[in-house]
Amino acid sequence: MDQSRTPYFDVLLDYVDSGVIPFHTPGHMQGKGMDRALREFLGDNVLAIDLTQIRGLDDLLQPSEAIDEAQRLAAEAYGADHSFFLINGSTSGNQIMMMAAVNPGEQIALPRNSHKSAMGGLIMSGAFPVWMRPEVDESLHLDHTVTPETVRRTLEEHPAIKAVYIVSPTYYGVAADLEGIARVTHSYGLPLLVDEAWGPHFHFHPSLPIDALAAGADLAVNSTHKMLGSLSQTAMLHQKGNRIDIGRLKAVVKLFLSTSPNLVLIASLDVARRQMALEGHALLSRTIQLAEDTRRRLNAIEGVQCFGSEQIGKPGVFALDPTKITITVKALGYTGYEAEEILRRRYNVQCELADLFNCLALFTIGTTQEAADRLVYGVKELAREDRPIDVFSPSGVLERRLKTGTYALPKIPPIRMNPREAFLAPAELVSFKGSAGRICAEVITPYPPGIPVISPGEEITPEVVDYLDLEKKAGVRMQGPYDSELRRIRVVRET
Ligand SMILES: Cc1ncc(COP(=O)(O)O)c(C=O)c1O
């Protein structure tokens, strides 16, 4: 196929050029009905192509014209049999993969450090999780990936498992041995689903970890918007081989799509694919070079550590995406949250996320040398400063634990009910501190990084209460709970 084409962007431009008089949604009628402030800021061009799926513009739910061609171009560029454009991120991609691969009550193996959208997939599909422990780096307080050995052990111990779901790379750019995992999974006759939200660029550069489909995955989801040039919310789901029923997959994809998708988002996927297919190698070479150079400069700052390729080969670190820079500030005496706040407030630099010990900086094809210099300058100044008094200070408990290094992730709690049943069961709100022993009815996810600590159907353990309490005191935002302050928690009502 001709990868220089952008069939979907083109039909939108043709529609505008032909001067059609609109009597259709969206109601702003190509900007004319929109409040002036936003209209002027956005500009008329973007509003002119914010159209609906009328004749000639194809239908994302039943693509047969330009969207079909754009998706086929994407499939070819990514080495997939089929690619689907998504407009609700990899969040919907994770949910779709599970709905396509497992039935209510069936078991699926997945890592404990899966994104919260995997829990959404469990709740929607009714599947039962068999959690796999990722390898953990205690000194960085980071979960890495699961190993092929862990997958093999899990499949041996749970012969009823129907699919394996893996997160690779992690938020921090650590990639799993997907080829090894695919071999193990397929030797049991099972499909491999990969949350590759953070790897939409992998396919386009040999210095990046192998992409999930090339490694043997049957389904993989990419957040195109995270690392490439498309608009927020856009993602792609790729399928390859014959272990996934394509008819069922297509039916599930339709369930998750709006009947009024934002066509600008779809056009942005079309052009992001062309950009990668034509210029991906050159653009990514520059990005990788800039990131590696910046990592070296940051590592030269006393007290600052940014892990790199020396980690490869450690448990759960099969390969590394060099475009992610994890800035470990532990030795400076800051939490990652404090460092993030100082970098933003004083140096106008905003990181992608912070956790207890680290701040994460993304380098993409849009990162400039000037931006990288600014980051280095901010971190240098941060390392020189006395502990500031105007930023949030963690509790004494957290400080003591950070100093003595006794900050541990909680063990996976016992599963007492299927997540879907617990989520939908009659529930009540009880005091969070006194909730140990009860069955959780909600997903509680410190964000970032968006990995649930307790999920529906699991028994709330004293360890979980303690851990979440600490995260709360450290100023971490909790996603998911009914009471965002986590004074109370939703549990399954006892009969
Ligand atoms: C590992 C992982 N999977 C899935 C998602 C969800 O992706 P999206 O924001 O595109 O819905 C995220 C978001 O951060 C993520 O980190």
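Atoms within a ligand are numbered from 1 in the order they appear, just like the ligands themselves. Model, not experiment: these values are computed from the prediction. Here, residue 1 is the first one in the sequence, and each next residue gets the next number.
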Ligand 1 atoms in contact with Ala197 (distance to a heavy atom under 4.0 Å): 2 (C), 3 (N), 4 (C)

Taking both backbone and side-chain atoms of Ser117, is any N or O found less than 3.5 Å from an N or O belonging to ligand 1? no

Part of Ser223 with heavy atoms under 4.0 Å of ligand 1, whether side chain, backbone, both or neither: side chain

What orientation do His205 and His281 show, parallel under 30°, tilted 30 to 60°, or perpendicular over 60°? parallel

Between Thr91 and ligand 1, which part of the residue brings a heavy atom under 4.0 Å of the ligand: side chain, backbone, both or neither? both

Using a cut-off of 6.0 Å, state whether more than 12 heavy atoms not belonging to Arg243 lie near its atom CZ. yes

More than 12 heavy atoms of other groups within 6.0 Å of Asp245 CG: yes

Where do Arg5 and Glu69 land on the salt bridge (Lys or Arg N to Asp or Glu O under 4.0 Å) test, with the steps shown first? CA-CA 10 Å; Arg5 280 179 52 72; Glu69 186 185 348; 2.7 Å; yes

Derivation of the side-chain hydrogen bond (donor to acceptor under 3.5 Å, both in side chains) call for His238 and Asn222: CA-CA 8 Å; His238 306 294; Asn222 288 160; 3.2 Å; yes

From the options Thr234, Asn88, Asp195, select the one whose nearest heavy atom is closest to atom 3 (N) of ligand 1. Asp195

Note: Asn94, heavy atoms under 4.0 Å from ligand 1, region reported as side chain

Polar side-chain atom of Ser168 near backbone of Ala175 as donor-acceptor pair, under 3.5 Å: no

Part of His225 within contact of ligand 1 (heavy atoms, under 4.0 Å): side chain

